[in-house]
Enquirer: 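My questions all concern the structure below.
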Amino acid sequence: MSIEFYCPHCEAYLRAPDSKARLSIACPHCGGRCWVPLKSEQESFFDEVEEWSDAEDFDEADYEADYEPTSASTNVPVLTPKKKQLQTSCKVCDSVLSPSEKVCKVCSHRVGTPIFDEPADVDVGKILSTSWRLYTRHFGTCLIVTVTDAVLTIVACVLAIFIGGTAALAVGNRPGLVVFMFLIASGLGWGIAMSMFAIGHMRFYLDLCRTDRADFHKSMDFQGPIGHIFSGGVVYWSLFPFLLPPIFLWPFGRVVVDQNVSGFRGLWTALRLSVKHFSVCFVLVFVKIGAILISSLFPVGGAILLTPYFAILNTVAYLHFIGELE
């Protein structure tokens with residue numbers, strides 16, 4: 001099954017597999033970034049295309065019709081604007097952009113990144129109630145995802161040590177260089193593996209909180225901005241001794257995976273959202289501390305139970321911060 005929609009930049013008719021729902025992709029016609037809608041959001045596409053094609057300023061001479069066979073062996077028209085029509089404008093500052101421009105030179109907005117109407121205030125009570133409802137409703141699947149993540153983390157740790165040991169043996173009998181190579185090789189292996197797992201983790205919980213549907217396969221989809229997660233993660237974890245990540249930078253991973261931005265831009269966006277809603281973040285920190293104190297009575301079991309709740313809580317708060325949930 002595929003999802004049918006159109007590019008918001010060049011109006012080209014596009015199709016994507018169901019697994020790409022709510023993900024950012026590059027339009028093959030103009031290169032602009034666009035978001036694949038949910039299957040349930042397809043109906044509005046046909047209404048908008050009909051209004052667009054019936055408009056008085058629609059000139060067929062400015063468009064080229066292409067046809068590509070579908071899985072049902074039918075022809076689907078693809079209306080692609082000619083190059084002279086590919087210029088678009090920034091959705092933030094209305095500056096004119098060329099087809100090759102991926103970032104606006106005036107306001108630095110990344111082309112194709114969705115623009116949400118961020119609220120001035122959010123209701124922390126709704127965040128807590130929605131998080132608890134999702135947690136209790138999908139507890140079983142979330143528990144399976146948590147245990148799977150733990151197993152994969154252990155496997156990644158063993159493989160990282162093996163890679164580090166192999167690299168250390170390759171440099172001979174120089175103790176200083178052996179230690180250095182072991183740390184570098186094992187650290188890189190560990191960091192890349194954890195970045196992959198983080199993408200699947202974020203993708204699962206973003207989809208869960210948006211659709212109220214737990215899809216385990218989302219947690220196994222590790223394709224994504226691994227380099228951005230890795231580079232930003234180095235900064236993220238280096239700031240942990242100063243307690244910045246749990247208070248101000250916790251939306252980082254969700255921003256990078258959800259909006260497909262660079263690691264450092266993800267850190268900046270996470271900081272901006274947290275500072276804007278500092279009082280809510282302050283309440284969430286105390287909620288998490290209280291939950292950790294209670295779970296400490298059952299160290300292993302408590303940690304397993306808390307992990308999915310914290311993931312849902314952070315994801316729901318992030319979606320409230322960007323104005324997608326109310």
Side-chain angles (χ1 to χ4, degrees), residues 22-24 33 35 103 108-110 112-116 118-119 122 124 127 131 145-146 149 152-153 156 187-188 190-210 218-219 221-285 287-289 292 306-325:
R22 288 290 188 180
L23 297 181
S24 173
R33 303 297 302 186
W35 290 80
V103 179
S108 299
H109 175 71
R110 184 178 293 273
T113 302
I115 303 173
F116 299 105
E118 295 181 6
V122 296
V124 67
I127 293 176
S131 300
V145 171
T146 300
D149 285 346
L152 290 176
T153 300
L188 284 175
W190 170 259
I192 293 173
M194 295 309 296
S195 298
M196 292 171 57
F197 300 156
I199 290 173
H201 177 90
M202 302 295 177
R203 189 162 285 156
F204 168 79
Y205 284 105
L206 283 168
D207 181 70
L208 169 66
C209 296
R210 279 183 167 130
K218 293 284 185 181
S219 67
D221 185 0
F222 303 135
Q223 296 182 353
I226 298 175
H228 296 328
I229 290 288
F230 180 81
S231 60
V234 172
V235 179
Y236 180 94
W237 289 106
S238 65
L239 294 175
F240 219 90
F242 304 99
L243 298 180
L244 287 178
I247 300 176
F248 294 110
L249 298 178
W250 57 266
F252 156 69
R254 289 156 184 81
V255 172
V256 175
V257 174
D258 189 37
Q259 302 183 22
N260 196 24
V261 296
S262 67
F264 296 104
R265 187 176 181 86
L267 289 169
W268 169 250
T269 303
L271 180 62
R272 179 180 61 80
L273 290 173
S274 299
V275 171
K276 182 178 180 180
H277 303 286
F278 174 74
S279 60
V280 176
C281 293
F282 195 69
V283 172
L284 294 181
V285 167
V287 169
K288 293 173 185 177
I289 291 176
I292 291 173
L306 275 187
T307 299
Y309 176 69
F310 283 175
I312 292 175
L313 181 64
N314 287 341
T315 305
V316 170
Y318 162 73
L319 294 177
H320 274 268
F321 285 4
I322 64 176
E324 193 170 337
L325 293 182

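Since this is a predicted model, take the numbers as computed values, not measurements.
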Enquirer: Holding to side-chain hydrogen bond (donor to acceptor under 3.5 Å, both in side chains), I want the full list of residues that pass it with Lys218, two or more places apart in sequence or in another chain.
Expert: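 Testing Lys218 for side-chain hydrogen bond (donor to acceptor under 3.5 Å, both in side chains), a comparison that skips the adjacent residues, returns none.
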Enquirer: How many angstroms lie between atom OG1 of Thr146 and atom CZ of Phe204, to the nearest 0.5 angstrom?
Expert: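 Between atom OG1 of Thr146 and atom CZ of Phe204 there are 8.0 Å.
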Enquirer: Would you indicate whether the side-chain heavy atoms of Thr153 and Trp190 approach each other to under 4.5 Å?
Expert: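 Side chain of Trp190 against side chain of Thr153, heavy atoms only: contact under 4.5 Å found.
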Enquirer: Could you pull out the closest heavy-atom pair between Gly266 and Val255, with the gap in Å?
Expert: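 Taking every non-hydrogen atom into account, CA-CG1, 3.9 Å.
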Enquirer: Looking at every heavy atom in both Asn260 and Pro225, which two are closest together, and how far apart are they?
Expert: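 Where Asn260 meets Pro225 most closely, the heavy atoms are OD1-CB, 4.2 Å.
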Enquirer: Within this structure, what is the CZ-CZ distance for the pair Phe264 and Phe252, rounded to the nearest 0.5 Å?
Expert: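 If we round to the nearest 0.5 Å, Phe264:CZ and Phe252:CZ are 9.0 Å apart.
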Enquirer: Any side-chain heavy-atom pair from Lys288 and Phe310 closer than 4.5 angstrom?
Expert: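 Counting from C-beta outward, Lys288 and Phe310 do come under 4.5 Å.
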Enquirer: Locate the shortest heavy-atom distance separating Val256 from Ser262; write the atom from each residue and the value.
Expert: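 What the structure gives for the nearest pair is CG2-O, 4.0 Å.
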Enquirer: Does Asp207 have any side-chain hydrogen bond (donor to acceptor under 3.5 Å, both in side chains) partners at least two apart in sequence or in another chain, and if so, which?
Expert: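 For Asp207 there are no side-chain hydrogen bond (donor to acceptor under 3.5 Å, both in side chains) partners, ignoring immediate neighbours.
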Enquirer: Please collect all side-chain hydrogen bond (donor to acceptor under 3.5 Å, both in side chains) contacts where either partner lies in residues 244-253, sequence neighbours excluded, each pair once.
Expert: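 Passing the test, one end in residues 244-253: no pairs.
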Enquirer: Would Ile199 and Phe222 count as a side-chain contact (heavy atoms from CB on, under 4.5 Å) if you check the C-alpha gap in whole Å, the side-chain angles of each, and the deciding distance to 0.1 Å?
Expert: CA-CA 6 Å; Ile199 290 173; Phe222 303 135; 5.6 Å; no
Enquirer: To the nearest 0.5 Å, how far apart are OG in Ser219 and CZ in Phe197?
Expert: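 The CZ atom of Phe197 is 11.0 Å from OG of Ser219, to the nearest 0.5 Å.
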Enquirer: To the nearest 0.5 angstrom, please state how far the CE atom of Met196 sits from the CG atom of Asp221.
Expert: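 Spacing of CE (Met196) from CG (Asp221) equals 10.0 Å.
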Enquirer: Looking at every heavy atom in both Leu249 and Ser274, which two are closest together, and how far apart are they?
Expert: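 It is N-OG, 4.4 Å.
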Enquirer: A side-chain contact here means heavy atoms from C-beta on lying under 4.5 Å apart; do Ile289 and Val285 qualify?
Expert: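 Yes, their side chains come closer than 4.5 Å.
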Enquirer: Can you sort out the partners of His320 under side-chain contact (heavy atoms from CB on, under 4.5 Å), two or more places apart, ordered by chain and number?
Expert: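 Scan of His320 (side-chain contact (heavy atoms from CB on, under 4.5 Å), adjacent residues dropped) gives Val122, Lys126, Ile127, Val316, Leu325.
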Enquirer: Given 3.5 Å as the limit, does a donor-acceptor pair link the side chain of Arg210 with the main chain of Glu324, or not?
Expert: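 The answer is no, because no donor-acceptor pair under 3.5 Å joins these two groups.
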Enquirer: To the nearest 0.5 Å, how far apart are CD in Gln259 and NE2 in His228?
Expert: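 Separation between the atoms: 12.5 Å.
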Enquirer: Excluding sequence neighbours, so at least two apart, what forms side-chain hydrogen bond (donor to acceptor under 3.5 Å, both in side chains) with His201?
Expert: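 His201: side-chain hydrogen bond (donor to acceptor under 3.5 Å, both in side chains) contacts with Asp149.
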Enquirer: Between Phe321 and Val280, is a side-chain contact (heavy atoms from CB on, under 4.5 Å) present by the stated rule, with each step listed?
Expert: CA-CA 10 Å; Phe321 285 4; Val280 176; 4.0 Å; yes
Enquirer: Hey, could you give me the CD1/CZ distance between Ile247 and Phe282, rounded to the nearest 0.5 Å?
Expert: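 Answer for the CD1-CZ pair, Ile247 versus Phe282, is 8.0 Å.
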Enquirer: Quick one: list whatever passes side-chain hydrogen bond (donor to acceptor under 3.5 Å, both in side chains) with Thr315, sequence neighbours left out.
Expert: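 side-chain hydrogen bond (donor to acceptor under 3.5 Å, both in side chains) check on Thr315 returns Arg254.
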Enquirer: Should Ile322 and Tyr318 count as side-chain neighbours, where that means a heavy-atom distance under 4.5 Å?
Expert: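 Yes; the side chains approach each other to less than 4.5 Å.
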